[in-house]
Each structure stands twice: as C-alpha cells, then as structure tokens.
Number of protein chains: 2
Amino acid sequence: MLSQNRQHNSQCEHCTLSSACQSERSNGELQLNHMPHRIYHRGETLYSMGSPFSALYILRSGSAKAYFSSYSGEEQISGFYYPGDLIGLDGFDADTHAYSLKFLETSSVCSIGVDEFNKTMGESAVLRKQILKSMSHAILGEQQQLFSVNKYTSEQRLAKFLLDLSNRFQQRGLSGKVFDLSMTRIDIANFLGMAIETISRLLGKLQQEGIIDVQRRQIRLLNKERLNDSLVADEPAFKAVMHRATSRQHSSQLSYA
Amino acid sequence: MLSQNRQHNSQCEHCTLSSACQSERSNGELQLNHMPHRIYHRGETLYSMGSPFSALYILRSGSAKAYFSSYSGEEQISGFYYPGDLIGLDGFDADTHAYSLKFLETSSVCSIGVDEFNKTMGESAVLRKQILKSMSHAILGEQQQLFSVNKYTSEQRLAKFLLDLSNRFQQRGLSGKVFDLSMTRIDIANFLGMAIETISRLLGKLQQEGIIDVQRRQIRLLNKERLNDSLVADEPAFKAVMHRATSRQHSSQLSYA
DNA sequence: CGTTCTATTGACATCATTCAACGCCGGTGG
DNA sequence: CCACCGGCGTTGAATGATGTCAATAGAACG
C-alpha cells in the first residue's frame with residue numbers, strides 16, 4: 001500500500017542510498033551503478049538464511065520482514081522493512097546471510113553488489129559515514145526493542161509498535177494516523193514476543209477505549225496522545241524521550257534525513 | 001579478574017583493533033597512533049549518554065557495562081564488555097553517545113580518536129571490512145538476545161547467559177567452566193529482563209540440580225551439557241545451532257579470530 | 001562497627017499463555 | 001453461482017510462570 005502514495009522517480013539515483021552519494025557525485029567523485037529494479041510479490045524471498053552474501057538492497061516500495069528460522073521451522077521475526085530501508089547488512093558478519101527476507105506485499109528493490117559497495121566505501125567518505133550511522137542506528141534500535149520487551153507490559157509493547165509504525169509512515173510522507181498493517185497478527189505476535197490471542201485482545205481493548213480503530217488490517221490512531229501516555233504512565237519525565245526514541249523496528253534507513 | 005590471566009604486551013599495537021591493522025602495516029600502508037592506555041576503576045564512567053562522540057575504545061582488561069538511563073534514573077543494561085571488545089560504536093548514530101559506559105572492575109582501555117579512525121577507514125580496506133563485520137555481528141547479537149527474551153523462559157535465558165559468558169571467557173583463553181561474575185545480580189536481572197529474586201531462585205535451582213555451583217560471584221559450570229540441553233529441551237535439531245550462535249552479550253569484539 | 005548495598009527466601013498477586021471453540025473471509029473447484 | 005475449505009482473527013476459561021511485597025542476613029565500605 002505504501003507504493004501507491006510514494007512517487008519514485010524511475011531512476012535509481014533517487015534511491016536513498018544514492019542520495020547519500022549524490023552529494024559526492026556533485027564533486028564528480030562517485031558513480032554508483034545500481035542493478036535494475038526488480039519486483040517481488042507477496043511471500044517471495046529476497047534471500048535466505050545461509051545463502052551467500054552478494055549484494056545490498058534498498059527497498060523502494062512495499063514491505064518485507066526479516067526472520068531467522070530455528071530449523072524446526074519456527075521463525076523469529078527480527079524486523080520489518082519499509083521503503084527507503086537498507087537491507088542486507090546482516091551479511092557482513094559471516095559473508096552469508098544471517099536471516100531470511102520475505103516480502104509482505106508486492107514490492108520493488110534495487111541492489112548494489114558487495115564488490116561495488118566495497119569499492120565505493122573506499123572512495124566515498126560520505127557513504128562510509130552514512131553506513132556507520134545506519135548500522136549504529138540499527139544496533140540502537142535493536143537495543144530499544146530489547147528494552148521494550150524487558151520492561152514493558154504487552155499493552156505497552158503493542159502501543160509502542162503502533163507508534164513506531166506511525167512514525168515510520170510519517171517519515172515517509174504518509175499518514176501517521178491511518179495506515180494498513182501489511183503483516184498478519186501472527187507476524188506481529190511473533191515480533192513482539194507474545195501470543196496472537198493477546199494481540200487480538202489488546203487491539204480490542206484499545207478500540208473499546210476509543211484510542212484506536214481497527215478494521216481488519218486497517219489501523220486508525222484516534223488518540224496518539226493517550227497511546228503514548230500508556231508508555232510512560234507513571235513516568236512523566238520519560239514522556240519526551242519516548243517521543244524521540246520511538247523510531248525503530250529495524251530501520252536501517254539511510255537518508256530521508 | 002580477567003586482567004590477571006591475560007598477559008598483554010605493553011604496546012598498544014597488540015590491541016585487537018590494531019591487530020586488524022597490522023596485516024596492513026606489514027604492507028606499510030597504515031599507522032595507527034593510539035592514545036596511551038588509561039586505567040579506570042570500578043564504578044567509573046568511560047562516557048555518558050549524550051556526551052560528544054570523540055573516540056572509539058578497546059577494552060584491554062577488566063569489564064564494563066553499557067546502559068541507557070530513562071531519566072527517572074532507571075537504567076537498562078544493553079550489554080557487557082570484556083577484553084578485546086570494541087566500545088563506542090553507539091556514537092556514530094548521532095555523533096553523541098547513545099548510552100553510558102561504566103566499568104565493573106578495574107580496567108584498562110586504549111582509544112582512537114574519531115578523526116584518526118575515519119582517516120584510517122578511508123585508507124584501510126581491511127579495517128573497513130573488520131568494522132562492518134563487527135557491527136553486523138553486533139546487530140545479530142542484539143537480535144539473538146531479543147529472540148531469547150521473546151521465546152525463552154527465565155530459566156533458559158539465565159542458562160543462555162551463563163553459556164554466553166562461558167564462551168566469551170573461553171574465546172579469551174580463560175576457563176569456560178569456572179569464572180567470576182563481575183556484575184551484580186541486579187545487573188544480570190536488569191539485562192535479562194527479570195526480577196533479582198528470580199535470578200536468585202533459578203541459580204539456587206540449578207545448583208540443587210547439580211548443574212552449576214555458585215559461591216557468591218563465583219560460578220562453576222559442572223554440567224554444560226545439561227545447561228545447554230535446557231535451551232533446546234524439545235528441539236533436538238536446534239541444539240547444534242544454539243551452540244554456534246551462543247556468542248553474544250554485546251561483543252563487538254574485533255579480532256581474536 | 002554501623003550503614004548501605006547485595007543476596008536469599010517465602011507468601012501472594014497477576015499478567016500473559018494455553019487450550020478450545022467459533023466466526024469471518026478469500027479462494028478454489030464443482 | 002454456490003459450497004466447501006484453510007488461514008486468519010476473535011473470544012472465553014483455566015493454568016502457570018514470574019513479578020511484587022516483605023522480612024532477613026551477610027558483605028562491602030568507609
């Protein structure tokens with residue numbers, strides 16, 4: 001659903017990764033040759049856990065989930081991706097992908113081969129900075145998530161999840177108040193570490209309280225204030241912080257800054 | 001306690017970061033001028049959340065914890081560091097430290113200024129690769145931790161924590177069977193997201209079952225097999241994986257590989 | 001040596017999972 | 001076009017794991 005609202009220029013130079021590079025390009029230093037965009041459909045896989053690490057990707061439209069499966073087939077979702085997000089950083093650790101990536105809806109990605117990436121990293125200080133920043137941000141995001149699982153109740157975690165999504169949509173110029181969930185409740189439950197039933201019940205509860213309105217996959221945030229309040233219930237000073245820190249859910253997004 | 005066992009040469013060129021560089025140095029390409037080592041004592045702070053990001057550090061001896069505090073003074077520990085670990089990557093996101101770092105015992109660190117680091121990043125492909133690998137590894141480590149909090153019971157989490165520590169000590173050439181905890185139960189509880197009382201009870205339980213032996217801070221793993229079994233109880237195929245994936249608890253360790 | 005931090009243990013409360021039944025929707029084939 | 005079916009989602013009731021509260025004791029530190 002994101003794809004409709006966001007108008008991409010057809011040239012890949014307008015991807016966020018290359019936007020980092022454009023400032024250099026104006027210096028005449030840099031040439032990134034992205035591979036052509038490629039379209040994937042719901043349920044299709046970009047790469048699988050264990051497969052060789054050959055490229056980095058930027059999601060241009062649609063959405064995806066990263067997950068690793070624990071051989072019994074059980075999967076743990078580690079994050080969701082939205083347009084502009086950089087995908088594939090997991091490959092650097094062992095030159096092999098550490099998790100699998102699957103699309104939640106029809107999506108398009110562009111890619112850059114590792115070799116070219118490495119080459120460019122050597123040439124562009126701006127790219128280096130961007131990548132370090134991006135990875136650092138990803139680490140902090142994971143820690144935030146860890147924090148929220150450790151310290152929050154299920155209700156707070158769900159509230160945070162919704163607010164995070166809202167922020168991510170807003171950053172992309174979409175509505176932060178009304179949006180669709182491209183993932184199933186099962187995915188949400190898996191990601192947040194709770195039972196599907198709990199998700200269901202809590203969404204119901206929030207709806208009854210008039211804080212949100214849920215129609216199938218469509219979410220309408222009627223009262224972001226109160227949703228945010230639940231995160232800081234007894235901690236007034238904490239409120240401001242949360243508002244700042246709320247942008248995660250993997251997000252290795254590069255620019256848009 | 002780690003400091004006694006590990007004999008560091010007095011020159012900083014033997015730090016793990018520079019060991020990454022030495023291969024290049026033999027090519028005559030690289031010159032890293034680390035600042036002199038500095039000693040810190042228990043409770044002292046290397047840097048605080050929000051302070052300007054000016055350097056990266058490598059822990060040479062001792063141990064430390066990273067945590068961010070939530071203004072009400074409540075802290076969330078995001079990881080523990082041991083000798084060889086690279087510290088400070090959190091600064092890249094906002095040019096400001098995202099969490100605070102405090103030493104758990106007398107420790108020594110060496111540092112490298114960001115400017116010098118950035119310069120070297122431009123010159124050394126090996127360093128770039130190491131850093132990307134290191135950060136990628138850190139991200140995956142966080143995700144592993146997230147997974148364990150999401151899917152494991154308290155007992156499993158504690159078991160995993162002990163095994164992780166054991167592995168980290170072993171990687172450093174120390175005993176993986178007998179070691180001291182440099183952090184308090186409070187820290188452990190905070191990190192693992194459970195109550196101190198639960199830690200206490202579970203340690204007691206494991207001791208009664210003859211799996212471990214606890215004397216104050218000293219831990220003795222009497223039966224690593226069974227400790228590991230509890231992680232995979234009903235999942236035979238999963239066992240092998242866990243063994244591999246078990247090295248985390250922040251660990252942005254660079255080389256030793 | 002006393003104050004404070006750390007750790008242990010017991011009794012109780014509670015939030016979230018589990019188990020189970022059911023409804024809804026979309027797809028597919030008769 | 002309708003009927004069936006499977007995945008997704010909702011709801012209820014019971015169970016259990018873990019947190020909270022409280023009391024106590026030992027270590028660490030000045």
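Just so it is clear, the model here is predicted, and its values are computed rather than measured. A note on names: the letters A, B, ... follow the listed sequences, proteins ahead of strands, and every chain is numbered from 1.
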Subject >> Between P of D/dT10 and CZ of A/R217, the distance in whole Å >> reply: 10 Å

**OP:** Find the distance A/R185:CZ to C/dC24:P and express it as a whole number of Å.
**Re:** 16 Å

**OP:** Would you please name every residue forming a salt bridge (charged side-chain N to carboxylate O under 4.0 Å, His left out) with A/D93, sequence neighbours left out?
**Re:** none

Original post:
So B/K224 and B/S166, side-chain hydrogen bond (donor to acceptor under 3.5 Å, both in side chains) or not? Walk me through it.
Top reply: CA-CA 9 Å; B/K224 268 176 109 167; B/S166 169; 2.8 Å; yes

Subject >> Length of the line joining B/L203:CG and C/dT8:P, which is rounded to integer Å >> reply: 7 Å

**OP:** Find the distance A/E197:CD to D/dG16:C1' and express it as a whole number of Å.
**Re:** 15 Å

**OP:** Salt-bridge test for A/D187 and A/K102: reply yes if a basic N is under 4.0 Å from a carboxylate O, no otherwise.
**Re:** no

Original post:
In whole Å, what is the span from the NZ atom of B/K205 to the C1' atom of D/dA17?
Top reply: 11 Å

**OP:** Could you list all the salt bridge (charged side-chain N to carboxylate O under 4.0 Å, His left out) pairs where at least one residue sits in residues 47-58 of chain B, not counting sequence neighbours?
**Re:** none

**OP:** Write down the distance between CD1 (A/I196) and P (C/dC19), rounded to a whole number of angstrom.
**Re:** 12 Å

Original post:
Where the side chain of B/S200 is defined as all heavy atoms beyond and including C-beta, which of D/dT11, C/dG10, C/dA7 is the nearest nucleotide?
Top reply: C/dA7

Subject >> Distance-minimising heavy-atom pair for B/N150 and A/F191 >> reply: ND2-O, 3.1 Å

**OP:** May I have the distance from A/Q215 (atom CD) to D/dT10 (atom C1'), rounded to whole angstrom?
**Re:** 14 Å

Original post:
Whole Å only: how far is the CE atom of B/M183 from the P atom of C/dA7?
Top reply: 11 Å

**OP:** Tell me which of A/T153 and A/R216 sits closer to the 5' end of DNA chain C, going by the nucleotide each one is nearest to.
**Re:** A/T153

Original post:
If you look at every strand shown and take non-hydrogen atoms under 4.0 Å, does B/G193 touch a base, only sugar-phosphate, or nothing?
Top reply: sugar-phosphate

Original post:
For B/I199, which contact category applies under a 4.0 Å heavy-atom criterion: base, sugar-phosphate, or nothing?
Top reply: nothing

Original post:
If you check the B/T184 side chain, which of C/dA7, D/dG12, D/dC8 turns out closest?
Top reply: C/dA7

Original post:
Between B/I186 and B/T198, which is nearer to the 5' end of DNA chain C once each is assigned its nearest nucleotide?
Top reply: B/I186

